[in-house]
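Just so you know, ligand 1 is whichever comes first in the structure, and atom 1 is the first atom listed for that ligand. Small disclaimer: the values here were computed from a predicted structure and weren't measured. Computed over heavy atoms, backbone and side chain alike; hydrogens, waters and symmetry mates excluded.
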Amino acid sequence: MRVLVLNGSPKKQSDTFRLTERFLKGLNKDGNHEIHVIRVIEKQISPCRGCFRCWSNMDGHCVIRDDQNEILDLYRNADLVIWSFPLYCYAMPSHLKAVLDRTIPLVKMKMVQEDDGTVHHEALADFSKLHTLVICGCGFPDWEGNFDGLKAMCNVCFCGPDMVCVPETPLLNIPAAAAVAEPLLEKFEKAGEEYAVSLKLSPETIAGLEAPMIPKEDYIRGVNGE
Ligand SMILES: Cc1cc2nc3c(=O)[nH]c(=O)nc-3n(C[C@H](O)[C@H](O)[C@H](O)COP(=O)(O)O)c2cc1C
């Protein structure tokens, strides 16, 4: 499988990418997969200009000459795209959102209406076999609604991807929290193994990955230095 990983954390020691790395370790246990990791912050990706020249050219590329066309080529050839990023203001970080906006050369202007009334643009290539996995970390403890905006966007943009939204991820880079972080990292590795076999994650597995490492009240007390 060709796997494209878009690491959207601007940090070298990303809390979220620690989870993704362990997932990849499990996924590629047998060494059968070709994994290409891109640290998006190191790439030059300008915002979309909204010129729609990609829709006249229909060559799967953007007219802006920066690093996005390399990403578009990898995206088009991938079997699995993993979006790994921290939650920023209930959404993805802006430099990664620029990558997402500029995937528009991969669709045509032509609109398609589905039986359920939803409307989307026809794809330029056959993406029906493309799998998408979203791994998002965040600084808040578990509370209903924190990931709602992100989930709504990802569901429409990626046609119902597998999504893992993890609370309390700063604990992953705190040495004193290793006793609670390591079991979660192990679960991510196991989830990678599961994904390699079934190309999806069961609801039970996702629930295990999203379970808070420590109770909400303890986490808040710790953050507040109480
Ligand atoms: C600009 C900014 C916005 C953030 N917004 C949110 C947010 O909306 N919800 C949340 O739970 N955490 C938020 N966080 C916290 C990060 O998601 C959290 O620190 C995460 O663990 C960082 O992951 P990383 O190390 O992979 O970059 C925000 C952090 C920053 C810097």
Side-chain angles (χ1 to χ4, degrees), residues 3-27 35-43 45 47 71 80-101 132-158 161-189 191-192 195 201 206-226:
V3 184
L4 170 62
V5 185
L6 296 169
N7 173 6
S9 173
K11 291 158 55 187
K12 279 224 161 91
Q13 299 290 324
S14 161
D15 309 326
T16 316
F17 199 68
R18 283 203 70 196
L19 299 170
T20 304
E21 247 175 350
R22 288 294 283 268
F23 181 90
L24 293 172
K25 190 176 173 200
L27 180 80
I35 297 175
H36 199 118
V37 180
I38 293 198
R39 263 198 88 219
V40 172
I41 199 74
E42 288 174 351
K43 297 287 176 183
I45 315 277
I71 294 180
L80 166 63
V81 177
I82 300 179
W83 297 77
S84 168
F85 57 90
L87 191 67
Y88 274 14
C89 300
Y90 311 100
M92 58 172 63
S94 54
H95 50 277
L96 187 63
K97 179 63 164 48
V99 171
L100 177 59
D101 291 348
T132 304
L133 172 65
V134 173
I135 300 177
C136 179
C138 84
F140 278 143
D142 194 29
W143 66 273
E144 218 180 308
N146 195 22
F147 289 107
D148 281 3
L150 177 79
K151 283 184 182 172
M153 188 197 75
C154 290
N155 273 327
V156 283
C157 285
F158 305 133
D162 280 306
M163 278 196 81
V164 184
C165 296
V166 186
E168 305 174 348
T169 44
L171 291 176
L172 292 159
N173 274 315
I174 298 176
V180 292
E182 189 50 39
L184 181 62
L185 290 163
E186 278 164 23
K187 281 193 222 168
F188 266 82
E189 194 171 328
Y195 201 93
L201 296 174
I206 292 175
L209 301 177
E210 294 184 341
M213 284 170 270
I214 59 174
K216 183 196 271 184
E217 292 70 24
D218 294 351
Y219 182 80
I220 293 173
R221 264 197 301 276
V223 169
N224 294 347
E226 292 163 8

Item to check | For atom 8 (O) of ligand 1, closest protein heavy-atom neighbour | outcome: Tyr90 N, 3.0 Å

Next on the checklist: Testing the basics here: between Asn146 and Cys138, what is the closest heavy-atom pair and its distance to 0.1 Å?
Outcome noted: ND2-SG, 3.3 Å

Checklist entry - If you count the atoms of ligand 1 from 1 in the order shown, which ones are under 4.0 Å from a heavy atom of Gly137? => result 17 (O)

Item to check | Geometric N/O contact Pro10 with ligand 1, under 3.5 angstrom | outcome: no

Item to check | SG-CE distance between Cys154 and Met92, expressed to the nearest 0.5 angstrom | outcome: 5.0 Å

Checklist entry - At under 4.0 Å between heavy atoms, which part of Asn146 makes contact with ligand 1: side chain, backbone, both or neither? => result side chain

Item to check | Shortest protein heavy-atom distance from atom 21 (O) of ligand 1, along with the residue and atom involved | outcome: Asp15 OD2, 2.7 Å

Checklist outcome for this item: Numbered in order shown, the ligand 1 atoms found under 4.0 Å of a heavy atom of Lys11 are 24 (P), 25 (O), 27 (O)

Checklist entry - Can you tell me if Thr16 uses its side chain to pair, donor with acceptor, with the backbone of Cys136 under 3.5 Å? => result no

Checklist entry - Can you find an N/O atom of Pro86 closer than 3.5 Å to an N/O atom of ligand 1? => result no

Checklist entry - Which residue supplies the protein heavy atom nearest to atom 19 (O) of ligand 1, what is that atom called, and how far is it? => result Pro170 CG, 4.0 Å

Next on the checklist: Contact between Pro10 and Tyr88 at the side-chain level, heavy atoms closer than 4.5 Å - yes or no?
Outcome noted: yes

Checklist outcome for this item: Candidates Gly139, Gly149, Cys165; heavy atom nearest atom 15 (C) of ligand 1 found on Gly139

Checklist entry - For atom 28 (C) of ligand 1, what's the nearest protein heavy atom and its distance? => result Leu87 O, 3.4 Å

Next on the checklist: Going by the closest heavy atom to atom 24 (P) of ligand 1, which one wins out of Ser94, Ser84, Cys136, Ser9?
Outcome noted: Ser9

Checklist entry - Is there side-chain contact between Pro161 and Asn155, with at least one heavy-atom pair below 4.5 Å? => result yes

Item to check | Residues Lys187 and Glu210 bridged, charged N to O under 4.0 Å | outcome: no

Checklist entry - Which ligand 1 atoms are under 4.0 Å away from a heavy-atom of Thr169? => result 20 (C), 21 (O)

Checklist entry - Atoms of ligand 1 less than 4.0 Å from Cys89 heavy atoms? => result 3 (C), 4 (C), 5 (N), 6 (C), 7 (C), 8 (O)

Item to check | Gap between atom CZ of Phe23 and atom CG of Leu133 - 0.5 Å precision | outcome: 5.0 Å

Checklist entry - With a cut-off of 6.0 Å (strictly less than), are more than 12 heavy atoms of other residues, nucleotides or ligands near CD of Gln13? => result no

Checklist entry - Tell me, which protein residue and heavy-atom name are nearest atom 2 (C) of ligand 1, and how many Å apart are they? => result Tyr88 CD1, 3.6 Å

Checklist entry - Does the distance from a Lys or Arg side-chain N to an Asp or Glu carboxylate O, for Arg221 and Asp218, drop under 4.0 Å? => result yes

